[in-house]
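What's counted below: heavy atoms across the whole structure, side chains too, no hydrogens, waters or symmetry copies.
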Amino acid sequence: LFSSQRVREMLSDLMERQAIRRHENSGHLDRIRAELNEAEKSLRRFYKAMAAGEVDPSEPTFKELLDELTEKRNLAKTAEDRALAELQPTAKLTEKAVKKFADFVRTQLSEGSLQFKRHYLRAVIDKIIVNENSVKTIIDQRDIESAALSHASGNTGPTVVPTFVR
């Protein structure tokens with residue numbers, strides 16, 4: 001059930017989505033950095049003009065223009081910080097992380113405590129179907145993805161709390 005190859009297959013979609021998101025965000029980051037660069041240049045030009053005496057600080061629009069340029073620069077800096085945070089997720093799935101997760105789960109299911117086994121299986125298995133000749137486990141892909149991401153972040157316990165509705 002939790003062989004490295006099988007877990008890799010289950011998590012391949014998530015790994016692809018993360019790679020696509022990183023690629024898309026890198027272009028977005030370039031645009032944001034260009035805006036930040038332009039805002040900083042405008043602010044520097046304004047300060048140079050003020051130092052050279054070309055702009056009069058007593059003029060009524062001086063404060064408004066300075067506030068506008070500063071706000072534009074601050075917004076661009078905030079957008080850059082946010083884009084950088086999106087490019088650096090706390091838990092990035094790699095082949096190594098998937099293998100480590102699969103090994104961890106297999107080890108814990110074979111050698112771990114009974115309580116851990118029970119909680120972990122309840123967290124990732126939706127239902128078990130038993131027929132005369134076979135046993136099928138139905139697993140929600142999102143639960144496995146959540147568990148793998150959580151493990152990549154350093155959490156080694158079950159990540160989903162099962163709920164019961166009566």
In short, salt bridge (Lys or Arg N to Asp or Glu O under 4.0 Å) pairs touching residues 44-60 with sequence neighbours left out are E38-R45
Distance col, row K77:NZ vs I32:CD1, nearest 0.5 angstrom, shows 11.0 Å
By side-chain hydrogen bond (donor to acceptor under 3.5 Å, both in side chains), K136 pairs with (sequence neighbours left out) none
Residues P57 and M50: closest non-hydrogen pair is CG-CG, 4.4 Å
Joining Ile, Leu, Val, Met, Phe, Trp and Tyr whenever any side-chain heavy atoms lie under 4.5 Å apart, the cluster holding I138 also takes in I129
Q.
Taking R106 first and then D103, would you say they form a salt bridge - that is, a charged N and a carboxylate O separated by under 4.0 Å?
A. yes
Rounding to 0.5 Å, atoms CG (L36) and CG (L75) come to a distance of 11.0 Å
Contacts of K100 meeting salt bridge (charged side-chain N to carboxylate O under 4.0 Å, His left out) (sequence neighbours excluded), chain-then-number -> none
Donor-acceptor list for residues 60-70 side chains, cut-off 3.5 Å, not counting sequence neighbours:
from : atom 1 : to  : atom 2 : distance (Å)
K63  : NZ     : D67 : OD1    : 3.3
K63  : NZ     : D67 : OD2    : 3.3
T70  : OG1    : L66 : O      : 2.8

Side chain to side chain contact (heavy atoms under 4.5 Å, CB included) filter on A39, not counting sequence neighbours, yields K72, R73
